[in-house]
Peer 1: 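Pasting a structure here, questions to come.
Sequence positions, counted from 1, serve as the residue numbers for this chain.
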Amino acid sequence: MAAPKQAVVGPLVGAVVQSTNSTHFLVFNSKTAELLSHHQVELTQEFPKEGWVEQDPKEILQSVYECIEKTCQKLQELNIDKSNIKAVGVSNQRETTVIWDKLTGEPLYNAVAWLDLRTQSTVENLSKKIPGNNNFVKSKTGLPLSTYFSAVKLRWILDNVREVQKAVEEGRALFGTIDSWLIWSLTGGVNGGIHCTDVTNASRTMLFNIHSLQWDKELCDFFEIPMDILPSVWSSSEIYGQMKTGTLEGVPISGCLGDQSAALVGQMCFHEGQAKNTYGTGCFLLCNTGRKCVFSEHGLLTTVAYKLGKDKPACYALEGSVAIAGAVIRWLRDNLGIIKTSEESEKLAKEVGTSYGCYFIPAFSGLYAPYWEPSARGIICGLTQFTNKSHIAFAALEAICFQTREILDAINRDCGIPLSHLQVDGGMTNNKVLMQLQADILHIPVIKASMPETSALGAAMAAGAAEGVNVWSLKPEDLSTVMMERFEPQIKATESEIRYSTWKKAVMKSMGWVTAQSPESNEPTMFSTLPLGFFIVSSIIMLIGARYISGIP
């Protein structure tokens with residue numbers, strides 16, 4: 001006899017979370033924000049050359065289909081009917097650049113990831129074109145000219161990939177960030193797929209005017225990007241189209257937010273001055289500045305936070321971006337092999353409770369905010385014969401916290417009102433040692449959402465609240481209270497300041513490793529031609545073998 005259907009209060013909303021390392025699909029109850037089911041698939045990254053980071057757009061798309069199918073199977077096992085899913089939202093890794101053929105649906109080149117550094121010479125050449133007294137790029141976009149953003153990645157592809165050049169000439173090429181590639185594919189692809197993006201993702205391309213909320217001709221001319229390959233720009237919460245294939249065929253896709261904006265919404269930071277930090281591959285601290293653009297004088301980005309409806313106003317945020325956070329733990333696992341699982345870093349760090357004077361600067365892709373210094377590379381310093389892998393694991397976690405402190409200090413200076421606490425989310429917040437370290441180094445309470453997948457929650461909220469869906473209320477009185485865990489500082493402020501100032505000294509030592517760029521090959525030269533982490537690995541080998549050396553400077 002079949003089991004009775006489980007009673008589910010309220011309609012359900014699904015969320016695709018496409019991040020750098022994995023794809024996730026989650027289903028929420030729209031009335032309670034309860035997570036009912038989810039599935040995750042890990043993705044591969046390709047490193048064709050030093051500093052290059054690519055992903056296969058088809059693998060990413062296939063992982064989305066797989067996650068949706070597996071999640072719906074799990075719902076069925078829970079006796080929940082998938083027909084209760086009334087909308088799907090998309091949250092995505094930002095800046096990662098895809099170009100595909102609109103006639104065949106095939107990618108014309110691998111996705112160039114946000115972490116990719118191949119465009120440094122492109123950035124240097126473009127910088128020479130900007131008048132010294134009129135940085136119109138930054139004033140229109142809120143962004144510094146950097147390898148981070150999509151326009152320079154797109155420029156490099158157009159300059160170097162003949163297949164893409166030919167497709168542009170023949171009118172077959174479409175450009176998009178990951179959200180655009182997914183929405184176009186999921187809504188039909190070559191058979192009428194919707195080529196669109198939302199304001200939060202558009203604001204990370206460096207082609208979008210954050211004041212007019214439109215693609216900017218002057219910017220497109222500056223980067224020499226043809227405007228006809230760009231997606232149309234929509235709000236973060238409206239029906240873009242319906243799913244055309246798979247188990248959720250016919251369900252509207254009605255929410256789209258870059259992952260950090262999605263987390264801001266999921267953390268319900270809807271008021272000016274509220275801030276959240278997300279700990280993923282990188283680390284991203286956003287502070288809501290309301291309806292006004294606040295331009296930073298301390299190395300932060302000005303970005304569109306969200307626009308929750310076609311007729312709703314856009315809200316803005318100051319953002320501090322850290323390139324390497326969780327990626328440093330993955331590096332310890334995959335490159336050095338000193339841990340077998342990411343969770344082991346917490347165990348090692350807990351065993352020693354200190355870095356014993358060891359400091360780790362994980363500048364694998366240069367330094368992002370507040371320095372924007374592409375010449376920096378990763379270093380471990382303060383090593384002695386006593387240093388072991390547990391101290392290095394502790395230093396790696398501490399590095400994430402110190403980088404967050406630098407961002408928080410910049411936000412406090414730009415906004416003028418110091419934050420009294422920090423809301424946090426992301427997979428790494430499950431690491432209690434990391435969270436306690438963060439509270440100690442910031443010397444303010446750190447408040448963790450009990451459900452760390454706030455990017456998924458934000459995408460689901462935007463999708464469920466869209467006009468024509470209307471199953472998720474965003475009225476403050478209707479928003480479900482999210483359970484929190486609080487970490488209070490446990491060390492003296494003076495100790496925190498000493499450790500932070502030593503960290504800053506180490507940061508200075510990490511700069512200037514890459515001293516030139518070869519425009520012919522687009523490959524780094526001099527020090528940077530050595531493999532990533534060469535200096536770190538060499539130091540560790542010397543440490544183990546040189547028994548008579550008392551310390552390594």
Peer 1: Can you find a side-chain donor-acceptor pair between Glu319 and Ser321 that sits under 3.5 Å?
Peer 2: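 Yes - a donor-acceptor pair under 3.5 Å links their side chains.
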
Peer 1: Nearest heavy-atom pair of Thr205 and Ala202: which atoms, and what distance?
Peer 2: OG1-O, 2.7 Å

Peer 1: Could you tell me if the side chain of Ile379 sits less than 4.5 Å from the side chain of Phe360, heavy atoms only?
Peer 2: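 Answer no - side chains too far apart.
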
Peer 1: Grab the two heavy atoms, one from Phe394 and one from Ala349, that are nearest each other, plus how far apart they are.
Peer 2: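 Heavy atoms of Phe394 and Ala349 come nearest at CD1-O, 3.5 Å.
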
Peer 1: May I ask you to decide if Asp425's main-chain N or O and Thr429's side chain share a donor-acceptor pair within less than 3.5 Å?
Peer 2: no

Peer 1: Between Tyr316 and Thr303, does the side chain to side chain contact (heavy atoms under 4.5 Å, CB included) criterion hold? Intermediate values first, please.
Peer 2: CA-CA 6 Å; Tyr316 297 87; Thr303 196; over 6 Å; no

Peer 1: Are Phe136 and Phe222 close enough that their ring centres sit under 6.0 Å apart?
Peer 2: yes

Peer 1: Would you please say whether a donor-acceptor pair under 3.5 Å links the side chains of Gln55 and Gln93?
Peer 2: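 Side-chain D/A pair, Gln55 to Gln93: present.
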
Peer 1: Indicate yes or no: at least one non-hydrogen side-chain atom of Thr341 is less than 4.5 angstrom from one of Ile339.
Peer 2: no

Peer 1: Can a salt bridge be assigned to the pair Asp56 and Lys58 using a cut-off of 4.0 Å between side-chain N and carboxylate O?
Peer 2: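 The answer is no: the pair does not qualify as a salt bridge.
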
Peer 1: Decide whether Asn201 and Asp198 meet the rule of one side-chain donor and one side-chain acceptor closer than 3.5 Å.
Peer 2: yes

Peer 1: What donor-acceptor contacts under 3.5 angstrom involve side-chain atoms of residues 142-154, with partners at least two apart or in another chain?
Peer 2:
from	atom 1	to	atom 2	distance (Å)
Ser146	OG	Tyr148	N	3.1
Tyr148	OH	Arg204	NH2	3.3
Ser150	OG	Glu95	O	2.9
Lys153	NZ	Ala113	O	3.1
Lys153	NZ	Trp114	O	3.2
Lys153	NZ	Thr147	O	2.8

Peer 1: Between Ser91 and Asp259, do the side chains contain a donor N or O and an acceptor N or O under 3.5 Å apart?
Peer 2: no

Peer 1: Are side-chain heavy atoms of Leu301 and Trp372 found at a separation under 4.5 Å?
Peer 2: yes

Peer 1: Run the salt bridge (Lys or Arg N to Asp or Glu O under 4.0 Å) test against Glu344 and tell me which residues pass, sequence neighbours left out.
Peer 2: none

Peer 1: Could you report the tightest heavy-atom contact between Ala275 and Leu285, atom names first, then the distance?
Peer 2: CB-CD2, 4.1 Å

Peer 1: Take Leu397 and Asn431, measure what side chain to side chain contact (heavy atoms under 4.5 Å, CB included) needs, and give me the verdict at the end.
Peer 2: CA-CA 9 Å; Leu397 294 180; Asn431 186 322; 3.8 Å; yes

Peer 1: Under a 3.5 Å threshold, yes or no: a donor from one side chain and an acceptor from the other, between Tyr279 and Gln438?
Peer 2: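 Yes, side-chain donor-acceptor contact under 3.5 Å.
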
Peer 1: Without swapping roles, check the side chain of Arg333 against the backbone of Lys340 for a donor-acceptor pair under 3.5 Å.
Peer 2: no

Peer 1: Tell me whether the centres of the aromatic rings in His391 and Tyr356 are closer together than 6.0 Å.
Peer 2: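 Yes, close enough.
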
Peer 1: Taking the six-membered ring where the residue is Trp, are the ring centres of His39 and His24 under 6.0 Å apart?
Peer 2: no

Peer 1: Would you say Glu46's side chain and Pro48's backbone share a donor-acceptor pair under 3.5 angstrom?
Peer 2: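 Side chain of Glu46 to backbone of Pro48: no pair is present.
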
Peer 1: Around atom NZ of Lys129, are there more than 12 heavy atoms from other residues, nucleotides or ligands closer than 6.0 Å?
Peer 2: yes

Peer 1: Give a yes-or-no answer on whether the side chains of Lys276 and Thr278 include a donor-acceptor pair shorter than 3.5 Å.
Peer 2: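 Present: a donor and an acceptor within the cut-off.
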
Peer 1: Could you tell me whether a side-chain N or O of Gln267 sits under 3.5 Å from a main-chain N or O of Ala263, the two making a donor and an acceptor?
Peer 2: no

Peer 1: Counting C-beta onward and ignoring hydrogens, is there a side-chain heavy-atom pair between Asp414 and Leu300 closer than 4.5 Å?
Peer 2: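 When only atoms from C-beta onward are counted, Leu300 and Asp414 do touch, with a gap below 4.5 Å.
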
Peer 1: Given 3.5 Å as the limit, does a donor-acceptor pair link the side chain of Asn160 with the main chain of Trp156, or not?
Peer 2: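 Pair found, side chain donor or acceptor close to backbone of Trp156.
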
Peer 1: Go through Met511 and Arg377 one step at a time and tell me if the side chain to side chain contact (heavy atoms under 4.5 Å, CB included) criterion holds.
Peer 2: CA-CA 7 Å; Met511 295 185 186; Arg377 284 297 178 271; over 6 Å; no

Peer 1: Set out, in order, the CA-CA distance, both residues' side-chain angles and the distance that settles side chain to side chain contact (heavy atoms under 4.5 Å, CB included) for Thr502 and Phe402, then state yes or no.
Peer 2: CA-CA 10 Å; Thr502 309; Phe402 284 130; over 6 Å; no

Peer 1: Quick one: which residue pairs count as a salt bridge (charged side-chain N to carboxylate O under 4.0 Å, His left out) with a foot in residues 382-403, not counting sequence neighbours?
Peer 2: Glu398-Arg499

Peer 1: Do you know the tightest heavy-atom contact between Gly266 and Leu457?
Peer 2: O-CD2, 3.6 Å

Peer 1: Are the side chain of Ser261 and the backbone of Leu257 linked by a donor-acceptor contact shorter than 3.5 Å?
Peer 2: no

Peer 1: For residues Leu437 and Cys401, report the shortest heavy-atom separation together with the two atoms involved.
Peer 2: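 It is CB-SG, 3.8 Å.
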
Peer 1: I'd like to know if the side chain of Thr119 reaches the main chain of Thr122, judged simply by a donor and an acceptor atom lying under 3.5 Å from each other, with no hydrogens or angles considered.
Peer 2: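 No, the answer is negative, given that no donor and acceptor are paired below the 3.5 Å cut-off.
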
Peer 1: Without hydrogens or angle criteria, can the side chains of Asn277 and Gln423 be said to hold a donor-acceptor pair below 3.5 Å?
Peer 2: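 Side chains of Asn277 and Gln423: no pair found under 3.5 Å.
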
Peer 1: Is the closest side-chain heavy-atom distance between Ser510 and Leu367 below 4.5 Å?
Peer 2: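 Yes, side chains in contact.
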
Peer 1: Whether the Tyr368 and Gln403 side chains hold a donor-acceptor pair (N or O, under 3.5 Å, no angle test) is what I'd like checked.
Peer 2: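 On atom types as modelled, these side chains do not qualify, holding no pair under 3.5 Å.
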
Peer 1: One thing to verify: whether Glu497 and Lys492 come together as a salt bridge, which I'm taking to mean a side-chain N less than 4.0 angstrom from a carboxylate O.
Peer 2: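 Salt bridge: no.
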
Peer 1: Indicate the atoms forming the closest heavy-atom contact of Leu43 with Ile60, along with that distance.
Peer 2: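 Taking every non-hydrogen atom into account, CD1-CG1, 4.1 Å.
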
Peer 1: Relative to Tyr500, does Arg405 satisfy both conditions: NZ or CZ under 6.0 angstrom from the six-membered ring centre, and within 45 degrees of the ring's axis?
Peer 2: yes

Peer 1: Is the closest side-chain heavy-atom distance between Thr141 and Ser203 below 4.5 Å?
Peer 2: no

Peer 1: Mind checking the CZ-OG1 spacing from Phe208 to Thr197? Nearest 0.5 Å is all I need.
Peer 2: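 Here the interatomic distance stands at 8.5 Å.
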
Peer 1: Verify, without hydrogens or angle tests, whether Thr302 (side chain) and Val294 (backbone) share a donor-acceptor contact under 3.5 angstrom.
Peer 2: yes

Peer 1: Can you find a pair of side-chain heavy atoms, one from Gln18 and one from Trp181, that are under 4.5 Å apart?
Peer 2: no

Peer 1: Do the two ring centres, one from Trp52 and one from Phe47, sit under 6.0 Å apart?
Peer 2: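 When the ring centroids of Trp52 and Phe47 are compared, they turn out to be at least 6.0 Å apart.
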
Peer 1: Is a salt bridge present between Glu343 and Lys432, judged by a nitrogen-to-oxygen distance below 4.0 Å?
Peer 2: no

Peer 1: In terms of side-chain geometry, is the basic nitrogen of Lys347 or Glu351 positioned less than 4.0 Å from the acidic oxygen of its partner?
Peer 2: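 Judged by the 4.0 Å cut-off on N to carboxylate O distance, Lys347 and Glu351 do form a salt bridge.
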
Peer 1: Between the side chains of Asn21 and Ser19, is a donor N or O closer than 3.5 angstrom to an acceptor N or O?
Peer 2: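 There is no such pair between these side chains.
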
Peer 1: Side-chain contact, heavy-atom cut-off 4.5 Å: Ile407 with Val322?
Peer 2: yes

Peer 1: Any side-chain to backbone donor/acceptor pair from Ser345 onto Ala393? Under 3.5 Å, distance only.
Peer 2: no

Peer 1: Answer yes or no: is there an ion pair linking Glu297 with Arg413, defined by an N-O contact shorter than 4.0 Å?
Peer 2: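 The answer is no: the pair does not qualify as a salt bridge.
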
Peer 1: Judged by atom type as modelled, is there a donor-acceptor pair below 3.5 Å linking the side chain of Thr20 to the main-chain atoms of Thr281?
Peer 2: no

